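Below is one structure, written out as structure tokens; comments come after it.
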Number of protein chains: 2
Amino acid sequence: MAEPLSERSQKILEVIIEEYIATAQPVGSRAITQNHAINLSSASVRNVMAELEEKGYLASPHTSAGRIPTEMGYRFYVDTLLRINDLNYQQKDQIEQHYHRRGLQMSDMLREASRALSSVAHYTGLVMVPRLKVTVFRQIEFVKLSPRQVLAVFITQSGMVQNKLIQLDEELTGQELEQITNYLNQTMKGLSIQEAQARIVAEMAHEKALYDQLLQRAFKLSSAALIDETTGDVIIEGTSHFLEQPEFSDLECMKRIVQTFEQKRTLVDLLDRSLQTEGVQILIGSETEYSEFSDCSLITAAYSGRHGTLGCLGVIGPSRMPYSTIIPIVDYTANLISRLLEGEQDLGE
Amino acid sequence: MAEPLSERSQKILEVIIEEYIATAQPVGSRAITQNHAINLSSASVRNVMAELEEKGYLASPHTSAGRIPTEMGYRFYVDTLLRINDLNYQQKDQIEQHYHRRGLQMSDMLREASRALSSVAHYTGLVMVPRLKVTVFRQIEFVKLSPRQVLAVFITQSGMVQNKLIQLDEELTGQELEQITNYLNQTMKGLSIQEAQARIVAEMAHEKALYDQLLQRAFKLSSAALIDETTGDVIIEGTSHFLEQPEFSDLECMKRIVQTFEQKRTLVDLLDRSLQTEGVQILIGSETEYSEFSDCSLITAAYSGRHGTLGCLGVIGPSRMPYSTIIPIVDYTANLISRLLEGEQDLGE
DNA sequence: TTTTGGCACTCATAACATCAGAGTGCTAAC
DNA sequence: GTTAGCACTCTGATGTTATGAGTGCCAAAA
């Protein structure tokens, strides 16, 4: 059981998985001997298939229906059998076309990334919007909406814009607000939000601040503006691709997936977990740890700006997914976005 | 044919439609005589049903399957038979709960409105985001991202925030930018965007501007910032409710609807058309003029701020929809949002 | 020892026939 | 004008059978 698969078994497993990915039909021994360059009789293939089933790489829906890959089968395939295709010219072009328009803001760019993923991969595209705390401070502006209400507009080095409505304890004059703005912009420029927050805490604790009411107000205001209470956001494009998959013709199952997409929460958690990983990460079925995705796979890659990892993006679809073409699409998109975001920053400095 | 329906026929039509809305099953003559206070034999009902079918209000899927309402049937029902329920306490409460959190920005509020519609009505909620040009100018800020790139942050009286990246022909110093900002904020405060644009055009034409380079730049910049090239946006919540409807169990049809939602374009057009209408508007089936919605109905109502209509919101679902409960939900939500937005403005002045 | 041809067996799927039930339309009687 | 009754239609459920794809196993061949 723990003994490794022979080369021949591996080859057959590979062919079965690729055939199943292509057709969505259980693969029989005969299909293998006919369609592919395997010089074996169907009986020999059957023996190997029985072995692969026993070891857990394959399963049969019923006696006379051929075999389909298990999660473990896909995992082995991805880890050891997969040969990743290079993107062809057309695919690269198709991805890049999404960014030809000039003057895209960061949020637009991320949306385009999700669209690109969805349309090129033909699965659902996901892009996680950078968490505030991983971004770098560029500029803050306060807009007074009413005596006790201020809108903080906060711009990160990478060009993201965040708005936040702040309720004030005490009234501030326009002049005070301006002073605060200037002070904060000087003090925090170039700091990461985490650094900025740390500095705020430090300076607020520092007694010096006690003497300067304005400073104290400034810190209060900025700490209110920089608290990131949002749960994170994900840009989802191409939900409808799920409806094309024969494995999700079950409406009940489909509904659960769409609902999960709508809540976004689960996807945020999922993508968060992928954030740490270097390169392309692949989660298959139960590895996602969500039952609604038990027949899905998630392929993700992190993207970054000049100051490090910003977020991650990827594609979700059925486990029966052409990994060899999807992986480079995700990889290429993540790199492209990273390059663009780093370029943006160059302009900014 | 053109002769009107007798009272009895109308009553029977009403019962059939309501029964069909409740059960999603074709309604037979017997169901009517049993379940409802109609003192007629099934044979008499059959006569009436034949008449209603001939006149186009009903259709029969096949000989032995009872009748279902046609589009014309629904239209007649909505126009003349419908008695609109009042919202009960729970429903009102459920809608209002979405706004209890303080410090909601306009965009958050609109999202909540869409969620509220979706969760209370159990159909898909739609909210059209106000077009820039119907809003009132409050404040503009320019943030210099690079020598030739400026981010314009534009805040409307109703608290909406719009960002736009502007490419400059010529470099501007921070000081110049500040002057421009001040000038524009003074000049355009309280103007509607249409008025503001008109003024820009007028002043740019005016020869006085020729002498003052700074002014000219100001106008250029603001006109770039105020051009609304976005196609309009719609906030959609509760797509998954469509998957609950038995009439859309056809995956192909379902997919077309979800795709249409994803593109948003069609929905923008649809909602745009409803914008002019006073009160609640109802579009049934082909009245939407989109084939993918041939079995859907759209119920909308406009919402407004103090300065007039801002946008519209509503619900889309199958034509077989409990109009009497959905209509007041849409109506109430639109009024509530309008009230809140007008309140927001009070705070702002 | 490995491979393969052959054969019995299993099971899903499609095709077909049958039947019950729901509903209609029509006619004659009330 | 209303209704009871009846013949008729059509769907959907049920059951039966045939087909065929695919397996497992065994004995013979390599």
Side-chain angles (χ1 to χ4, degrees), chain A residues 3-13 15-17 19-20 22-70 73 246-247 249-250, chain B residues 3-13 15-17 19-20 22-70 73 246-247 249-250:
Chain A
E3 78 190 278
L5 292 177
S6 74
E7 195 148 334
R8 193 180 67 178
S9 301
Q10 293 190 16
K11 178 70 189 161
I12 287 176
L13 179 58
V15 171
I16 291 173
I17 291 181
E19 181 73 14
Y20 183 67
T23 65
Q25 299 294 325
V27 182
S29 56
R30 201 138 144 258
I32 293 175
T33 53
Q34 284 183 344
N35 298 339
H36 297 271
I38 294 216
N39 287 322
L40 282 174
S41 72
S42 60
S44 309
V45 173
R46 278 203 288 281
N47 288 332
V48 175
M49 283 166 97
E51 176 208 357
L52 288 169
E53 180 168 358
E54 198 201 352
K55 290 186 175 167
Y57 298 101
L58 295 178
S60 36
H62 56 83
T63 337
S64 68
R67 303 302 210 294
I68 58 175
T70 61
E247 42 264 82
S249 56
D250 175 21
Chain B
E3 78 192 273
L5 292 178
S6 73
E7 196 147 332
R8 194 181 66 177
S9 302
Q10 293 191 16
K11 179 70 189 162
I12 288 176
L13 179 58
V15 171
I16 290 173
I17 291 181
E19 182 73 14
Y20 182 68
T23 64
Q25 298 294 326
V27 183
S29 55
R30 203 141 140 254
I32 292 173
T33 52
Q34 284 183 343
N35 298 339
H36 296 269
I38 294 215
N39 287 323
L40 281 174
S41 72
S42 59
S44 308
V45 173
R46 279 203 288 282
N47 288 331
V48 176
M49 284 164 96
E51 176 208 356
L52 288 170
E53 180 168 359
E54 197 201 354
K55 289 186 176 167
Y57 298 100
L58 295 178
S60 36
H62 57 83
T63 337
S64 68
R67 304 303 211 293
I68 59 174
T70 61
E247 41 263 83
S249 56
D250 175 22

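Note that this is a predicted model, so its numbers are computed, not measured. Just so we're on the same page: letters track the sequence lines, and every chain starts at 1.
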request  = Hey, which sits more toward the 5' end of DNA chain D by its nearest nucleotide, A:P26 or B:A65?
outcome  = B:A65
ask   = Could you state the CG-C1' distance from A:L40 to C:dT4, rounded to the nearest angstrom?
value = 10 Å
query = Can you check the B:E19 CD to C:dG23 C1' distance for me, whole Å?
reply = 15 Å
ask   = Hey, does the side chain of A:T33 reach the backbone of A:S42 with a donor-acceptor pair shorter than 3.5 angstrom?
value = no
query = To the nearest Å, how far apart are B:H62 NE2 and C:dG23 P?
reply = 10 Å
request  = Consider the side chain of B:S44, meaning its heavy atoms from C-beta on, and name the nucleotide among D:dT2, C:dT10, C:dT3 that approaches it most closely.
outcome  = D:dT2
ask   = Is a donor on one side and an acceptor on the other found under 3.5 Å between the side chain of B:S60 and the backbone of B:T63?
value = no
key: N-O pairing of A:E51 and A:K55 below 4.0 Å   = yes
Interatomic distance where CD1 belongs to B:I32 and P belongs to C:dA22 [whole Å] = 16 Å
key: B:R30 CZ - C:dG21 P separation (whole Å)   = 11 Å
request  = Calculate the interatomic distance between B:E51 atom CD and D:dG1 atom C1'; express it in whole Å.
outcome  = 14 Å
query = Tell me: CG of B:N47 to P of C:dG23, nearest whole Å?
reply = 17 Å
query = Hey, which of these two, A:A43 or B:A43, hits DNA chain D nearer its 5' end, going by closest nucleotide?
reply = B:A43
request  = May I ask you to say what A:S42 touches in the nucleic acid, namely base, sugar-phosphate or nothing, with a heavy-atom cut-off under 4.0 Å?
outcome  = nothing
task = Could you check how far CD of B:Q25 sits from C1' of D:dC10, rounded to whole Å?
result = 16 Å
ask   = Quick one: does B:L40's side chain get under 4.5 Å of B:I12's, heavy atoms only?
value = yes
ask   = Counting just side-chain N and O atoms, does A:R46 come under 4.0 Å of either OP1 or OP2 of C:dT4?
value = no
inquiry  = It should be established whether A:T63 places a side-chain nitrogen or oxygen under 4.0 Å from OP1 or OP2 of nucleotide C:dT10.
reply    = no
message = For a 4.5 angstrom cut-off between non-hydrogen side-chain atoms, does A:Y57 reach A:L5?
response = yes
inquiry  = C:dG23, OP1 or OP2 - any side-chain N/O from B:S64 closer than 4.0 Å?
reply    = no
